Amino acid sequence: RRGGAVQRADAVLLIHTLAGTGNQTHTHHPISMDLGLALPKAAVFMSGPEMRRAFRRVPPALRLRSGREIFKRPVREGGFAGRQEIEQNKNFVQFREEPNRSGARFRPPARPNPPAAAPAAARSICPQVDTVMADYRTEAPQILRDFLSYHETIKAHSKRTVDEYFLDLRNFFRYLKQTRDPSLCDRSLDEIDITDVDLDFVASVTLTDIYGYMTYLSRDRVQHQNSRNSGYGLNAAPRARKIATIRSFYNYLTNKMHLLRENPVKDMDSPKLKKTLPKYLTLDESIQLLDSVDGKNQERDYCILTLFLNCGLRISELVGLNLSDIQEDALRVLGKGNKVRIIYLNDACQDAIAKYLAVRRPITGRDANALFLSSQNERISRSTVHAMVKKRLGQAGIDPAEYSSHKLRHTAATLMLQNGVDVRAVQEVLGHDHLNTTEIYTHIDNESLRIAAKANPLSHVKKSRKKQKETG
């Protein structure tokens with residue numbers, strides 16, 4: 001990196017998926033990214049040997065000197081030399097710009113054009129990269145830091161949840177500052193600083209402001225900021241989550257801290273959510289998936305799929321399992337909200353775990369107690385499990401675009417209910433707080449509805465063929 005600036009290549013994508021690589025490493029390095037080029041959804045972190053092999057395939061003109069260095073090309077006229085840090089939550093990747101040494105600043109339009117495609121020479125590489133989450137402890141104003149710290153330390157919400165709260169509220173305050181200050185109208189929201197937001201600013205927010213923000217989300221917010229073909233406008237589910245975050249923030253200021261007299265969102269309704277039924281694998285498809293597991297890591301992958309399909313684990317619960325959590329025929333699971341539940345293992349699960357433990361290599365270090373290990377002898381990551389499930393689904397002849405690891409959780413719940421398990425028992429197995437969350441699975445395959453359809457007196461009426469006219 002010369003002069004601390006990252007130069008804009010014509011259309012070189014700095015980070016791209018290396019197909020067929022499922023290995024993970026936790027030794028990541030921060031990386032700067034070229035402006036206007038987006039991180040692919042399925043970006044794969046590579047081990048050291050894999051990265052060296054990938055770099056050897058890069059043409060010398062594009063070759064990096066290290067994992068932290070960026071492609072160097074002359075800045076074309078009208079280009080930009082700046083530093084882009086990647087901020088990622090579970091739904092999208094955001095980019096934040098910093099001005100370069102010359103003071104030039106890129107101002108993307110209100111609806112930025114999708115990033116250009118990478119040339120073929122750059123598509124086969126994937127240097128090591130670290131996705132840097134925004135840290136509210138250094139980037140949030142004091143009033144917002146207090147709220148987020150309260151949720152993290154008192155309410156015991158996970159770091160991921162608190163980070164989502166911060167991203168939602170930061171975007172909300174950026175929108176408000178832009179709408180109130182005409183000098184910020186030609187700047188993107190990602191460029192607007194919120195460290196000066198104080199109690200007076202927060203107290204000045206009205207219901208009209210929030211309705212305007214909801215309209216912006218519904219019409220103008222980019223759906224997938226790391227996609228080249230993204231549409232605009234968020235659907236009801238993410239808008240409802242953002243409203244819930246804003247409501248929680250103002251409830252905290254009004255009822256907990258007593259800093260505000262009026263809560264502007266107390267009477268605001270959440271967006272109406274579309275009612276959908278969970279997708280799941282049939283019994284035959286589930287057996288087909290398990291039978292297709294073969295090759296490298298087959299004992300580990302078969303065990304993971306068996307636990308998904310029999311126990312209905314969340315992916316975060318599975319990657320967090322430790323050897324000490326296995327207690328004869330029971331499994332100790334740490335679920336959402338740090339709630340522990342016990343799941344009893346059937347014969348299939350016990351057999352799969354026993355066969356996996358027989359080949360599991362012992363390791364030392366911080367992940368020595370982890371049940372499932374990656375190829376780097378570390379605790380398996382969420383992205384590795386996601387990739388593995390997609391791979392195994394494809395090998396079984398099942399469309400991986402339609403199903404995921406969470407769909408296997410839906411499958412477990414549906415199969416249990418279809419085979420006579422009480423809905424309250426399924427609720428305990430899945431770790432649902434409310435019964436109505438579990439009851440959605442009862443609508444997927446309801447035998448009484450099938451009987452009702454057959455009981456209709458017209459159910460046996462079929463169209464008869466017209467009698468052929470006699471010719472004489």
Side-chain angles (χ1 to χ4, degrees), residues 13 33 35-43 84 86-97 106-117 131 133-134 160-161 163-182 184-194 197 205-250 264-265 267-279 401-402 404 406-407 440:
L13 187 59
M33 195 171 186
L35 186 67
L37 302 179
L39 179 68
K41 292 180 181 178
Q84 288 290 310
I86 307 167
E87 298 177 12
Q88 180 180 0
N89 66 17
K90 67 178 182 179
N91 294 322
F92 54 84
V93 177
Q94 294 180 321
F95 302 95
R96 183 172 64 254
E97 172 218 347
F106 175 82
R107 294 184 175 88
R111 288 190 172 187
N113 294 325
T131 54
M133 286 295 298
R160 183 180 297 271
T161 298
D163 288 341
E164 294 285 348
Y165 282 174
F166 174 52
L167 293 179
D168 288 343
L169 291 171
R170 183 182 65 177
N171 187 259
F172 174 58
F173 289 130
R174 283 173 168 176
Y175 167 83
L176 292 179
K177 291 190 65 174
Q178 187 181 60
T179 56
R180 295 181 179 186
D181 188 350
L184 300 177
C185 290
D186 62 340
R187 302 176 65 180
S188 73
L189 289 184
D190 293 340
E191 300 178 49
I192 298 176
D193 179 52
I194 64 165
V197 170
V205 175
T206 64
L207 193 58
T208 301
D209 293 326
I210 299 175
Y211 280 137
Y213 179 61
M214 288 295 104
T215 302
Y216 157 76
L217 294 176
S218 178
R219 291 175 176 266
D220 300 321
R221 179 70 174 174
V222 178
Q223 292 175 352
H224 306 288
Q225 298 202 5
N226 60 327
S227 172
R228 294 186 299 164
N229 301 308
S230 176
Y232 294 90
L234 304 182
N235 59 32
R239 283 188 281 121
R241 192 201 72 196
K242 294 180 187 299
I243 281 292
T245 301
I246 297 172
R247 183 182 290 113
S248 177
F249 177 61
Y250 277 96
V265 294
D267 297 324
M268 185 173 184
D269 297 326
S270 295
K272 185 176 180 179
L273 299 179
K274 179 182 178 181
K275 294 183 179 180
T276 58
L277 295 178
K279 297 191 68 174
E402 295 293 326
S404 63
H406 200 71
K407 299 298 188 296
I440 189 174

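Only a predicted model underlies this, so the values are computations on that prediction, with no experimental measurement involved.
The shortest distance between side-chain heavy atoms of L184 and E191 does not fall below 4.5 Å. Within the 4.5 Å cutoff, the side chain of V197 has heavy atoms near those of the F173 side chain. In this structure the side chain of I243 reaches within 4.5 angstrom of the side chain of S270, judged on heavy atoms. Side chains of T179 and Y216 form no contact here, defined as non-hydrogen atoms less than 4.5 Å apart.
Annotation for Y232 and D220: closest pair CD2-O, 3.5 Å, computed over non-hydrogen atoms. Closest heavy-atom contact between P271 and A240: CD-CA, 3.7 Å.
Remark: the backbone N or O of D168 is not paired with any side-chain donor or acceptor of N171 at under 3.5 angstrom. Panel note: side chain R239, backbone S218; no donor-acceptor pair is recorded below 3.5 Å. A donor-acceptor pair under 3.5 Å is formed between the side chain of Q178 and the backbone N or O of R187. With hydrogens and angles disregarded, a donor-acceptor distance shorter than 3.5 Å links the side chain of R247 to the backbone of M268.
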Inset, instruction - Would you check, one step at a time, whether the test side chain to side chain contact (heavy atoms under 4.5 Å, CB included) holds for I210 with F172? - result: CA-CA 9 Å; I210 299 175; F172 174 58; 4.1 Å; yes
Inset, instruction - Could you check T208 against Y211 for side chain to side chain contact (heavy atoms under 4.5 Å, CB included), going step by step and ending with a plain yes or no? - result: CA-CA 5 Å; T208 301; Y211 280 137; 5.6 Å; no
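The aromatic rings of Y213 and Y175 are tilted relative to each other, their planes meeting at an angle between 30° and 60°.
In this structure, R174 does not pair ionically with D193, as no charged nitrogen and carboxylate oxygen lie closer than 4.0 Å. Residues E164 and R241 are paired through a salt bridge, judged by an N-O separation under 4.0 Å between the basic side chain and the carboxylate.
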